[in-house]
Structures are given as C-alpha cells and as structure tokens.
Peer 1: 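This is the structure, below, for whatever I ask next.
For ligands, and for the atoms within them, numbers begin at 1 and follow the listed sequence. Each residue takes its place number in the sequence, starting with 1.
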Amino acid sequence: MNPVIVTNPPRADLATVDKLAGFGVATVHEAQGRTGYLGPGLRPVHLGSRIGGTAVTVVCWPGDNLMIHAAVEHCRPGDLLVVTTTSPNTDGLFGELFATALQHRGVRGLVTTTGVRDVAELHEMGFPVWSAAVSAQGTVKATAGAVNVPVTIAGQLITPGDAILADDDGVVVVPRAEADQAVAASQARVDKEDATRKAFQNGELGLDRYGLRDKLTQLGVKYVTAEEYGL
Ligand SMILES: O=C([O-])CC(=O)C(=O)O
Ligand SMILES: [Mg+2]
C-alpha cells in the first residue's frame, strides 16, 4: 500500500452522470455489455434511493477509518465516496457523523465494502449508503492508506472521477471516458424495453418475440403431455 492522497482528479461530467443515474443500475450494466456491476454483496442500507456521483476512492486498513477523515476535505459537490479496505472487513467504519460532514460538502452518498452504523440516523438524514454489512463495531484512526487511487471492487476497476450509479439493485461503475457512450447505449435499451413492455402488456410471449421457440427445438427440448410424463 502506497500511502498517498491524490488531489483534484478529473471527473465525469455531472450532467452525464445524472442522465446515467436516471436509467438505473441494471439498465446501464446491461447497456455497457454486462460490465461494471459491483456485485450482490453491496446492498442499500435503506431501499428507495437512485443516485449517481463521481467517485472519490478511499483505501482504509481493516477496522481503521483514518483515511475516510482524510478523504472528506477532497470531496466536491456531486461526488460519491467509495471506500474499500486492504483486506475484507465488515466493521462499522462509517456513520452519521461522517455523513454529516459529507452532506455539507455536497457528497451524494457512500458505497463501501465495509460495514456502516447509525443506520436510523442515516435514514433520517436522507444520506444513501450501500455497504457489505451493518455493524456497530467501532474502529480506530491509526494507519495510513490512500485517497483517490484506482481500486478494484468485485473485480471491477474504479478510477477516481468515474461515474458510480447506485439503486435498489446495487452499484455499477461507468468509466469516465465511456460515460457518453453509456448514455446512448442505455437510451437504446430503454427504447427497446419500452416496446417489449407494450408487447407483453398485449399478451405477446417472450418465446415468440425473441424467437426462442426455435432455440428450444435446437436444444432438443420436447413437449410431452402430463399423461406421457406420468403425472
Ligand atoms: O465515527 C466513527 O467512527 C463512525 C461513526 O459512527 C460516525 O461517523 O458517526
Ligand atoms: Mg456514529
């Protein structure tokens, strides 16, 4: 671990981030070729938020939130804090006091591979959090880590300034350089799904709409009566 704090990294355009957030995590993940999803291990502490922001990354040591304190002063309006640790740890590194400081700076939310606490207060404040755990376990402020360096969560690379989108389905990262392309691809997917939804509302089957009957035949799937099957 190289202890470093990187200041003012370039960020994705916030209007573009807001457009991406509006599409939702599943749509953007699909639209960018089923990449960027940070996995089912990161869950919203409270349901019902759909946000996007630009990543400020933090690498802490397990059970140590020193670098979150260091990161706060480098946060700008529109950012979203992304915290991970040098090895897996579910202690409650983050709570309402950090959220208060971040809200003051215009930070939109937190994504962390650790645990968080003060969840009732976080809910009351309207500060959205995605975490691996809820844990009251307290932590120390002792060990140097890093702020605004590239990190990997669930195999996905997050570079500071990338777009991070989060909703009830989880969290997805969109690389800064690919944000415009992801907007176009997501809009195309929404248009396609709008047409599919209308068709389903009219009773059309996915089997016919997607040409899946032939596929079933090709795969050797046979129709048999319940009697033939012995039911
Ligand atoms: O202070 C801590 O260690 C974490 C916390 O509970 C808070 O931010 O309120
Ligand atoms: Mg607290």
Peer 1: Enumerate the atoms of ligand 1 whose separation from the nearest heavy atom of N65 is less than 4.0 angstrom.
Peer 2: 2 (C), 3 (O)
Peer 1: T84 and side-chain contact (heavy atoms from CB on, under 4.5 Å): which partner among V58, V151, N89, V111?
Peer 2: V151
Peer 1: Of L80, D13, L14, which meets side-chain contact (heavy atoms from CB on, under 4.5 Å) against T54?
Peer 2: L14
Peer 1: In terms of atom number and element, which parts of ligand 1 are under 4.0 angstrom from non-hydrogen atoms of D118?
Peer 2: 5 (C), 6 (O), 7 (C), 9 (O)
Peer 1: Give a yes or no answer on whether the side chain of R108 reaches the backbone of G52 with a donor-acceptor pair at less than 3.5 Å.
Peer 2: yes
Peer 1: Is there at least one pair of N or O atoms, one from L97 and one from ligand 1, spaced under 3.5 Å apart?
Peer 2: yes
Peer 1: Which atoms from ligand 1 have a heavy atom of R117 less than 4.0 Å away?
Peer 2: 2 (C), 3 (O), 4 (C), 5 (C), 6 (O)
Peer 1: Would you check whether G95 has a nitrogen or oxygen atom less than 3.5 angstrom from a nitrogen or oxygen atom of ligand 1?
Peer 2: yes
Peer 1: Using a cut-off of strictly less than 2.8 Å, determine whether D118 has an N/O/S atom near the Mg ion (ligand 2).
Peer 2: yes
Peer 1: Could you go through Y210 and T196, starting from their C-alpha distance and side-chain angles, then the distance that decides it, and tell me whether this counts as side chain to side chain contact (heavy atoms under 4.5 Å, CB included)?
Peer 2: CA-CA 10 Å; Y210 303 137; T196 303; 3.2 Å; yes
Peer 1: Please work out which of the three classes, parallel, tilted or perpendicular, describes the rings of F94 and F127, given edges at 30° and 60°.
Peer 2: parallel
Peer 1: First locate atom CG of L216, then atom OH of Y223, and finally report the distance between them rounded to the nearest 0.5 Å.
Peer 2: 5.5 Å
Peer 1: Below 3.5 angstrom, do we get any N/O pair linking F94 and ligand 1?
Peer 2: no
